[in-house]
Protein chains: 2
Amino acid sequence: MTLSEFQLQQQLKSRGYSITHPRTIVFKALEDKEALTMAELVAICGQQLDRATVYRTVGLFEDLGIIRRVQIGWKYKLELTDSFSHHHHHLTCTNCGKVTPIIEDDALEDRINSLAKAYHFTPSDHQIEIRGLCYACQLSSIVE
Amino acid sequence: MTLSEFQLQQQLKSRGYSITHPRTIVFKALEDKEALTMAELVAICGQQLDRATVYRTVGLFEDLGIIRRVQIGWKYKLELTDSFSHHHHHLTCTNCGKVTPIIEDDALEDRINSLAKAYHFTPSDHQIEIRGLCYACQLSSIVE
DNA sequence: TATTTATTGCAAATCTGTCGCAATTAATCG
DNA sequence: CGATTAATTGCGACAGATTTGCAATAAATA
Ligand SMILES: [Mn+2]
Ligand SMILES: [Mn+2]
Ligand SMILES: [Zn+2]
Ligand SMILES: [Zn+2]
């Protein structure tokens, strides 16, 4: 069992939820992967689980702060929260669709927090998506 | 006719699309408003336009870079792009749902662009949402 | 104003997400 | 380890959101 799988079980248990087969399957599907759409997640788990169960599990995991939704392109995707992964943001290539995580940047995080304060907000979370052309797509567009 | 309505017509014409009544209605519905959900937009235009037409127009406007989707909470909303409005980001109150625009901040924009460069991306656009408690909701949570 | 082509409205189809309920599974305890 | 109990799941069925084909209509052009 991985460390985060253990964390998941602790999290469920401490909040009075059972550790079930479906919940483990959904968690593993998201582990170590860059954000998945709901459709992709259902496709991965769908052979073994009912659609409704995947939705219910996603809902529960969101409530428990185990996964979060982020906007990538025009859809939202799901990924493990910072407690199970590392805080990061996303670069999306508008040409090939590749999504690259941006590792945490203190200057950026600080600016975000100061801005929230300037508007008298108490920030709890934030998300950033930068869209543009990835290196590979820049090269191929020069060739054309 | 407003300046941005004129811009819209230029944009449509130059790309070979007709300037139609439905397209004008959808554009006006979004003008000078903070992000609308698709449901809100359909409600506003729905009396005069078919649902399908609203969806098709939104799709076209997205392709033409006239409107964009931004994630607000767990849903997306629609708003005019920077060419028709001013570049900004969003603060969302997780308690009352209020959405506040953050006016452009150079330090933030610079950091975003440097990060993109560091990853060899050519950035074209980005979006930021900060979630947290607005001032009013902070006060009421202290009272409780 | 007549002609041509793009656009729209309508209705049907398809996705997406939700719900109630009976069958199953996990947790608990002797 | 079995029996008991309560939570969870699968299975329709369902409501809402978005897409599509096609005939009717409106916009552009000359
Ligand atoms: Mn990610
Ligand atoms: Mn806005
Ligand atoms: Zn690319
Ligand atoms: Zn609030």
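Below, chain A is the first sequence line, B the second, and so on; all start at residue 1.
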Around atom OH of A:Tyr76, are there more than 12 heavy atoms of other residues, nucleotides or ligands at under 6.0 Å?
yes
Would you say NZ of A:Lys98 has more than 12 non-hydrogen atoms from neighbouring residues, nucleotides or ligands within 6.0 angstrom?
no
Scan B:Glu129, B:Arg131, B:Glu34, B:Gln127 and name whichever one has a side-chain hydrogen bond (donor to acceptor under 3.5 Å, both in side chains) with B:His90.
B:Glu34
Just N and O in the side chain of [X]: are any of them under 4.0 Å from OP1 or OP2 of [N]?
| X | N | value |
| --- | --- | --- |
| A:Arg23 | D:dT8 | yes |
| A:Tyr76 | C:dG17 | yes |
| B:Thr53 | C:dG9 | yes |
| A:Thr20 | D:dA7 | no |

Whole Å only: how far is the [atom1] atom of [X] from the [atom2] atom of [N]?
| X | N | atom1 | atom2 | result |
| --- | --- | --- | --- | --- |
| B:Gln9 | D:dA28 | CD | C1' | 14 Å |
| A:Gln48 | D:dC11 | CD | P | 13 Å |
| B:Asp63 | C:dT7 | CG | P | 13 Å |
| B:Lys75 | C:dG17 | NZ | P | 11 Å |
| A:Tyr55 | D:dG10 | OH | P | 15 Å |
| A:Leu60 | C:dC19 | CG | P | 15 Å |
| B:Ile19 | D:dA27 | CD1 | P | 11 Å |
| B:Arg15 | C:dA6 | CZ | P | 17 Å |

Distance-minimising heavy-atom pair for A:Leu133 and A:Cys93:
CA-SG, 4.0 Å
Confirm from the modelled atom types if A:Arg51 and C:dG17 form a donor-acceptor pair under 3.5 Å, side chain to base only.
yes
Pair of N/O donor and acceptor under 3.5 Å linking D:dG10 base with A:Arg56 side chain:
yes
Without swapping roles, check the side chain of A:Arg23 against the backbone of A:Ser18 for a donor-acceptor pair under 3.5 Å.
yes
DNA chain D: 5'-proximal contact among A:Asp50 and B:Tyr17 (nearest heavy atom):
A:Asp50
Taking for each residue the nucleotide of DNA chain D bearing the nearest heavy atom, is the 5' side occupied by B:Met38 or by B:Lys13?
B:Met38
